[in-house]
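Heads up: the structure comes next, in structure tokens.
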Amino acid sequence: MTSEESHESLCDAVNSKDGVVDTICCDPAAGILEAVDTHPSLPSIVTNGKQNAEPFNSSNNGATSVLDLEMIEFKVIFNKVTHNIRFPLDETVDHLKEHIESLTNVPVSMQKVMFKGLMKDGETLREQNVTNNSKIMVIGSTFNDVMAVNEQGAKVKTDAGAALESSSKELLCKQKVHKTVLDKYGKPDDVMPGIKGKREPLPPLPLVGMYNKTGNRVRLTFKLENDQLWIGTKERTEKIALTSIKAVVSEEIEGNEEYHLMALQLGPTELSRYWIYWVPAQYVDAVKDAVLGNWQYF
């Protein structure tokens, strides 16, 4: 029997178990098997209550039946919309991103998938400790969204770049406006411990122990499920949409390199920057990732 005949024979095979029929389908050209589940208790991928049979590659002759996969159910939240998903626990984050693209139209390259920090593409959901009823947050933009922002922001990019260039000639902490603030209010007694030269994910609790240009204490709370950053002071809490933050600027504080001063640019020019002092250095990159992500084009 030729390999092609073998494929045809397999495609026609029907397995019966306890009176339940499972049909095995395949694509000989692609060498992919697809198990179509005809029993409600057998595993498959479910999105928003709809059961979808999808092929999965394996090292076992190029295919693995979905019957052999351990499935988990969790939620993916994007742009305030919740998608209920049933997915193989040992599939990688890369494959999850491909499925998310089919749901949201956000290209894989523009997705930032968050679960207890930024998820790693090469690892499986099991390795990332995803469990039943977990909530996974997705931040990203469709190509149409990015193109619209780029057209509107072409001039903004030029203006902001010129402002950054003019201010980069002198250390931020040495500039009069920031030196005055640092000298006046000093290092907060309740500042969080800072670690120089180390990168850590955002902690589960808000970042606290910092202050703004007026000396008012500041806390940063990341509400990624709502695509928001909450900036809290004693007087009020501002809920800022992550998409409205155009840039994040930061620099070490000389003599205290384990801390940064940081600005969140809420408008087109540096005049709209909200300055925060004594941000622990180990969280700076995580803040930038959470606010902007790697998919930003401006």
Side-chain angles (χ1 to χ4, degrees), residues 25-27 29-37 42-147 199-202 222 224-225 227 242-243 285-286 288-297:
C25 304
C26 70
D27 180 356
I32 296 175
L33 297 184
E34 182 178 331
V36 180
D37 185 6
L42 296 180
S44 61
I45 291 184
V46 176
T47 302
N48 293 332
K50 297 181 180 179
Q51 193 172 35
N52 306 310
E54 296 192 2
F56 293 96
N57 292 331
S58 169
S59 59
N60 182 18
N61 295 326
T64 293
S65 168
V66 294
L67 304 182
D68 300 325
L69 300 175
E70 182 178 353
M71 312 294 287
I72 57 171
E73 298 180 0
F74 54 90
K75 299 180 186 296
V76 169
I77 301 173
F78 170 70
N79 200 23
K80 299 182 180 180
V81 177
T82 298
H83 302 272
N84 296 313
I85 293 180
R86 193 164 183 251
F87 208 75
L89 183 58
D90 291 307
E91 278 295 320
T92 62
V93 175
D94 309 72
H95 291 155
L96 176 60
K97 285 185 174 182
E98 292 174 1
H99 190 58
I100 291 173
E101 179 176 354
S102 71
L103 300 175
T104 64
N105 292 322
V106 178
V108 170
S109 61
M110 295 184 182
Q111 292 178 27
K112 181 155 60 67
V113 182
M114 309 289 293
F115 178 70
K116 299 179 181 179
L118 192 64
M119 298 186 74
K120 299 178 181 179
D121 287 347
E123 294 191 357
T124 65
L125 302 190
R126 185 190 300 274
E127 291 171 328
Q128 290 281 288
N129 298 317
V130 179
T131 59
N132 280 314
N133 301 317
S134 292
K135 290 184 180 181
I136 295 177
M137 313 303 169
V138 178
I139 300 174
S141 292
T142 65
F143 277 122
N144 290 338
D145 291 337
V146 172
M147 292 304 297
R199 176 173 178 167
E200 293 185 355
L202 290 173
F222 291 87
L224 299 180
E225 65 273 20
D227 290 344
L242 293 177
T243 53
D285 286 338
K288 292 179 179 179
D289 285 344
V291 172
L292 300 176
N294 296 325
W295 51 269
Q296 289 287 344
Y297 278 72

Glu91 CD to Thr124 OG1 distance, which is reported to the nearest 0.5 Å: 9.5 Å

Option passing side-chain contact (heavy atoms from CB on, under 4.5 Å) with Phe87 (candidates Leu125, Val130, Leu69): Leu125

Nearest heavy-atom neighbours spanning Phe78 and Gly140: CE1-O, 3.5 Å

Note, Phe115 side chain near Val93 side chain (heavy atom, < 4.5 Å): no

Rounded distance [0.5 Å steps], CG in Leu224 versus CG in Leu242: 6.5 Å

Option from Met119, Lys112, Gln111 for which side-chain contact (heavy atoms from CB on, under 4.5 Å) with Lys97 holds: Gln111

Interatomic spacing from CG in Leu118 to CG in Leu202 - rounded to 0.5 Å: 10.0 Å

Euclidean distance, Lys75 NZ relative to His83 NE2, rounded to 0.5 Å: 11.5 Å

Met137 versus Lys135, closest heavy-atom pair with distance: CE-CB, 3.7 Å

Side chains of Ile136 and Gln128 in contact at under 4.5 Å (non-hydrogen atoms): no

Test item: Arg126 and Glu70 side chains (from C-beta on) under 4.5 Å apart, heavy atoms: yes

Closest non-hydrogen atom pair between Val138 and Asp227, with its separation: O-OD1, 4.1 Å

For Pro107 against Ser141, the heavy-atom pair lying closest together: CD-O, 3.7 Å

Heavy-atom donor-acceptor pair, Asn132 side chain to Ile72 backbone, under 3.5 Å: no

CG-CE distance between Asp90 and Met71, expressed to the nearest 0.5 angstrom: 11.0 Å

Gap between atom CG of Asn84 and atom CG of Asn133 - 0.5 Å precision: 9.5 Å

